[in-house]
> 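Here's a structure for you.
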Amino acid sequence: MFAFSRHFSRRRSSIFSEHQQIFVPFSEQQQQRNLLESRLVSVLHGCNDHNQIKQVHAHLLRKGLGQCSFLLTKLLRMLTKLNVPMEPYPRLLFDQVQQPNSFLWTALIRGYSLHGPFIESILLYNSMRLEGTRPVSFTFTALIKACTAILNLDLGRQIHAQTISIGGFESDLYVGNTLIDMYVKCGILECGRRVFDEMPERDVISWTSLIVAYTKCGDMEAAAGLFDDLPVKDMVAWTAMVTGYSQNAKPREALRLFERMRDSGVETDEVTLVGVISACAQLGAAKYATWIRDIAEQAGLGPATNVVVGSALIDMYSKCGSVEEAYQVFKGMNERNVFSYSAMIVGFAMHGRAEAAMQLFSEMVETETRPNRVTFIGVLTACSHVGMVEQGRRLFATMKEVYGVLPSADHYACMVDLLGRAGHLEEAHELVKSMPIEPHGGVWGALLGACRIHGNADIAETSANHLFELEPNGIGNYILLSNIYASAGKWDDVSKVRKLMRKKGLRKNPGCSWVEAKDGVIHEFFAGDMTHPKSSEIKLALEELLHRLKLHGYKPNLSCVVYDVSDEEKQRLLMTHSEKLALVFGMLITSDGSTIRIVKNLRMCEDCHTVMCGASGIMRREIIVRDNMRFHHFHDGICSCGNFW
DNA sequence: CTAGGGTTAG
């Protein structure tokens, strides 16, 4: 009674037109419906498979409520939420209703728009219109989502037109947001932008959709501009920006923004962490690795409990040079999925630990987790990095037959790399020619790379010509070909390639290496760059190191210099390679006996590789270098790659 | 009903 009077007084003070209906006595059927409805909601809440929903449906039928759109809509929504395939059961449930209302139609359309067949949702919309049922705003969000799923811009535009012609739906916030997402996913950012600009009201979701769109096409300035203008930033918006920087190879900006995010008191969840962890992985610095690991643990999102964070951490530790730490994370995870296994296998492969990669693969196939295309990339590169040709051939043959994974162009690239690196250049070339799918840049690039190792200028030329067509702006290809010509002493051809590059306005990416000081500060060195405050010290130390190495038989490898200059000049140029500067600086600033970790943006040159080997021996230092391809662990004068790279 | 995510290659 008390509760009622409270309810009463509250309603009285609110809008009159609404509360008049409240006191109309419910019909018996209405009361029964209300009772059922509240019972249903609680029962449905606890449903976790579709047989329970079938029981609820059977109950409704017994009560003679099988035609009630309202209740059936709830059932359909729950079925959709439980990922029950639309056919046969949910569809059957709908088909039994003679006069479905807008909401029931929409629930059905939405089911198809989420689980497919997507086109069916469009067909259902047509039927709905034919029956004269008026759509509601979320009928359109579902339809637009279906168009997004199949990337069908034509249909999407038609639906967009419908939202306007039927009347006013284009100004609905949800419809607008969904439209932005559709145009963006279909690659028409300008259309998404126009929807955004014309929306009568926007929320943080509209802004975030557009911010993500800009980050995905690499325009971080535009994204940042929008982000600054966004009045209220929530966790998702912050995360979109952090991840955007990370995905656009701007790890420092990502970390800086993450700090700002935390300063603003915004929560961090697993998605945010994944973006930050990936930024740390790019930096390759141990200090950041432990830093973010601690943050994850403190947030209760450590690898033991969170498989997504765990997989990202595995990748990060591998890329920071600590496969062992990565493996510790892997072993400590309570749940592992294909991402965790693949990340770990790829990690082993990067470090040349082929046996470990193969061992983990065989453990994986004993579990429920099925290997996917990335897993096979991992095991194939593992074989490739140590020259296990036979093993790789077998894997390649079984991936389709045993595991049902169709070899993609990427897998062919791995095979070409494996064969070519091991010296089977002709066989690799034949494999490319026999491919059932069109070879992409990766395939020809692998062949070109193998030609560089084995000095085959003919196949190199063929590969390069394909590459120039496929990747006209791929600067690396021109450099590689020119280097191959240079090693063969074909200076005329070298200048031809150089001319071609000039004509296209392409410039070589500067080589860049960085090394981490004890305090976690990262020092960056560019090739030939002598602007570092300690440059003269570095130069002296490098000269001394090279002098000592020469006493042990080191000879500068002049063929690593691809310019036609005097030998003295070549020697001088070799000394300016960024990885050598980073190495010497690392030795200057870290204590004796500690490991030096260097990251390089391009492939390390042979001469630097030799110097690293020698330095690890005479300076008694463990040196770990990550170049753009893989890791080299130098210890006691030898490298983990066995000079096979 | 609408927005952010993990493993990939020369």
Side-chain angles (χ1 to χ4, degrees), chain A residues 77 80 103 106-107 109-110 113-114 136-145 148 172-182 184 203-213 215-216 234-244 246-247 269-278 281 306-316 318 337-347 349-350 372-378 380-381 384 408-417 420-421 440-452 463 467 471 474 476-477 480 603 628-630:
Chain A
R77 285 186 189 159
T80 304
F103 297 96
T106 302
I109 290 174
R110 180 160 177 275
S113 84
L114 289 177
V136 293
S137 67
F138 43 97
T139 318
F140 287 112
T141 57
L143 291 168
I144 299 163
K145 249 186 141 39
T148 311
D172 181 90
L173 181 60
Y174 291 115
V175 170
N177 286 345
T178 321
L179 278 171
I180 296 177
D181 189 55
M182 180 194 74
V184 163
D203 64 1
V204 64
I205 295 182
S206 335
W207 288 82
T208 308
S209 298
L210 209 56
I211 288 171
V212 169
T215 68
K216 288 271 153 72
D234 67 0
M235 178 172 68
V236 179
W238 279 100
T239 304
M241 277 306 285
V242 171
T243 307
S246 181
Q247 290 173 340
D269 74 355
E270 53 166 11
V271 185
T272 322
L273 281 175
V274 162
V276 183
I277 293 171
S278 149
N306 192 300
V307 63
V308 181
V309 170
S311 305
L313 285 175
I314 292 172
D315 175 58
M316 178 189 72
S318 308
N337 60 17
V338 64
F339 286 92
S340 336
Y341 276 103
S342 304
M344 197 61 241
I345 289 174
V346 170
M350 269 194 295
N372 67 7
R373 30 180 292 116
V374 183
T375 321
F376 281 103
I377 301 269
L380 288 175
T381 45
S384 174
S408 67
D410 291 337
H411 297 103
Y412 276 93
C414 290
M415 280 310 285
V416 169
D417 187 59
R421 217 178 266 279
H440 62 358
V443 178
W444 290 112
L447 194 54
L448 184 63
C451 291
R452 191 200 55 78
S463 316
L467 281 166
E471 304 171 346
N477 304 324
L480 256 184
R603 182 184 186 276
N628 62 344
M629 293 309 313
R630 58 174 295 170

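Bear in mind that the values here come from a model prediction, so they are computed numbers and not experimental data. Residue numbers start from 1 in every chain, and the chains themselves are labelled A, B, ... in the order their sequence lines are given, proteins ahead of strands.
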> Can you sort out the partners of A:A450 under side-chain contact (heavy atoms from CB on, under 4.5 Å), two or more places apart, ordered by chain and number?
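A:A450 satisfies side-chain contact (heavy atoms from CB on, under 4.5 Å) with A:L425 only.
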
> For A:F376, what residues pass the ring-ring contact (aromatic ring centres under 6.0 Å, His included) criterion, not counting sequence neighbours?
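Listed in chain order: A:F361, A:Y403.
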
> Given 3.5 Å as the limit, does a donor-acceptor pair link the side chain of A:T141 with the main chain of A:T178, or not?
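Not at all, since once roles are kept as given, no pair shorter than 3.5 Å links the two residues.
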
> For A:L467, report the nucleic acid contact type (base, sugar-phosphate, nothing); a contact means any heavy atom under 4.0 Å.
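Base contact.
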
> At under 4.0 Å between heavy atoms, how does the protein contact nucleotides 2-9 of chain B? Give one character per nucleotide, 5' to 3', with B, S or -.
BBBBBBBB

> Assess, by modelled atom type and distance only, whether the side chains of A:S318 and A:D315 contain a donor and an acceptor separated by less than 3.5 Å.
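Note: A:S318 and A:D315 side chains miss the donor-acceptor criterion.
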
> Select base, sugar-phosphate, or nothing to describe what A:G476 touches, counting heavy atoms under 4.0 Å on all strands.
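It contacts nothing in the nucleic acid.
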
> For A:T243 and A:A240, indicate whether the former's side chain and the latter's backbone hold a donor-acceptor pair under 3.5 Å.
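No, A:T243 side chain to A:A240 backbone: no donor-acceptor pair under 3.5 Å.
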
